[in-house]
Amino acid sequence: MSEPRPEGSNAPLVEVRRLVHRYPVGRGWLGGPRGYLNAVDDVSFRVWKGETLGLVGETGSGKTTLGRCLVRLLTPASGEILFEGEDLLALKGEALRRKRRDFQIIFQDPYGSLNPRMRVESIVTEPLAIHRMGDRRQRRLRATNLLEQVGMEASALPRFPHEFSGGQRQRIGIARALALNPKFVICDEPVSALDVSVQAQIINLLQDLQERLGLTYLFIAHGLQVVAHISTRVAVMFQGRIVEMGCREELFQRPLHPYTRSLLDAVLDPDPGVPRPAHQGPPAEPAAAPSPAPGCRFAPRCPIAEACCREEEPALRELAPGHTVACHLADRPSAGDSKAEA
């Protein structure tokens with residue numbers, strides 16, 4: 001499967017192979033789980049150095065679980081996570097701790113991700129202390145430089161998180177994520193809890209930092225407008241699986257999966273004279289189920305589903321250079337109709 005890559009990139013920075021992560025569901029006999037929910041189910045993709053891979057999908061599709069697996073906050077049930085060719089799942093103890101310098105995460109909630117009992121200086125320098133990098137004076141200087149990089153002043157160092165706005169807190173969280181000079185950063189819906197005007201500021205900051213520091217992002221989001229603005233490529237996730245992936249322009253102009261088209265149709269046009277598309281298909285069901293029905297997982301909600309869709313689960317296949325989709329009917333001429341082509 002060919003994937004577009006930034007100029008000069010020969011090998012992926014991150015490669016995920018058939019990743020699976022399960023959560024126990026309910027309680028059965030003898031106190032064991034009644035079953036398991038595959039929050040991430042056989043997911044594979046690559047992230048090239050210097051790019052931003054956008055990951056979109058509805059709540060419960062497995063986006064955050066996937067991101068936390070990549071930084072080893074969660075341990076997958078099976079699969080491989082290769083970082084610069086090294087399997088992260090094979091690392092333990094001190095080896096894993098050293099490797100964590102290269103990948104960090106920016107959390108969604110700027111209010112819950114910062115310890116309210118810690119001053120900003122302690123929050124930003126905590127990664128440096130854990131990895132025993134520099135003395136107290138050097139760490140303080142590093143914290144001052146990091147705050148300047150994210151648009152804040154050194155006067156914030158002795159203050160507590162509750163003294164700042166949501167956008168300022170997220171800047172502090174970004175500064176903490178950059179403390180160890182990582183190469184790969186998971187941005188887990190970093191602007192979803194912020195006002196629209198502040199969202200634009202944080203997105204512009206992330207893009208500026210990427211250009212200046214040579215960062216690589218996995219950008220998780222609900223808002224397609226945000227993903228369209230910041231991403232190089234986009235992956236669409238549904239019930240634990242990637243159902244479509246491609247270059248940003250190709251995916252937004254020519255979506256192939258019915259689920260992708262439904263996400264695009266849900267975005268209101270800024271022109272008040274453009275009518276909102278009529279709802280198609282039955283009401284939305286839970287984003288995931290412990291025992292999904294045979295066939296395509298989107299079939300119960302799909303307006304074009306046929307018998308084959310309910311009998312056999314589609315594999316992810318390439319229909320255009322760098323554009324892959326998991327849909328039996330995606331190569332039919334009528335399947336490509338969408339609001340994006342209108």
Requested in this report: Determine yes or no for a side-chain-to-main-chain donor-acceptor pair under 3.5 angstrom, with T216 supplying the side chain and G50 the backbone.
Outcome: yes
Requested in this report: List for me each residue that meets side chain to side chain donor-acceptor pair (under 3.5 Å) alongside Y23, sequence neighbours excluded, and say none if there are none.
Outcome: T65
Query - Any donor-acceptor N/O pair, H328 side chain to E312 backbone, under 3.5 Å - result: yes
Query raised in the report: When you measure from the side chain of D135 to the backbone N and O of R137, does any donor-acceptor pair fall under 3.5 Å?
Result: yes
Report summary line: In short, I105 meets A177 closest at the heavy-atom pair O-CB, 4.0 Å
Requested in this report: Could you tell me whether E126 and R176 make a salt bridge, using a distance below 4.0 angstrom between a side-chain N and a carboxylate O?
Outcome: no
Report task. Check W48 against A11 and note the closest heavy-atom contact, atom names and distance. Result -> CZ3-C, 3.3 Å
Query raised in the report: Ion pair present between R98 and E86, side-chain N to carboxylate O less than 4.0 angstrom?
Result: no
Query raised in the report: Is a salt bridge present between E51 and R46, judged by a nitrogen-to-oxygen distance below 4.0 Å?
Result: no
Report task. Please check if the side chain of R97 supplies one atom and the backbone of I130 the other of a donor-acceptor pair under 3.5 Å. Result -> yes
Query raised in the report: Going only through I, L, V, M, F, W and Y residues with side-chain contacts under 4.5 Å, is there a path from I174 to Y111?
Result: no
Query raised in the report: Looking at H257 and C327, what are the two nearest heavy atoms and their distance?
Result: CD2-CB, 3.8 Å
Report task. Answer yes or no on whether R301 is positioned over the face of Y259, meaning its NZ or CZ is under 6.0 Å from the six-membered ring centre and within 45° of the axis. Result -> no
Query raised in the report: Backbone N or O of R100 within a donor-acceptor pair of the Q104 side chain at under 3.5 Å?
Result: yes
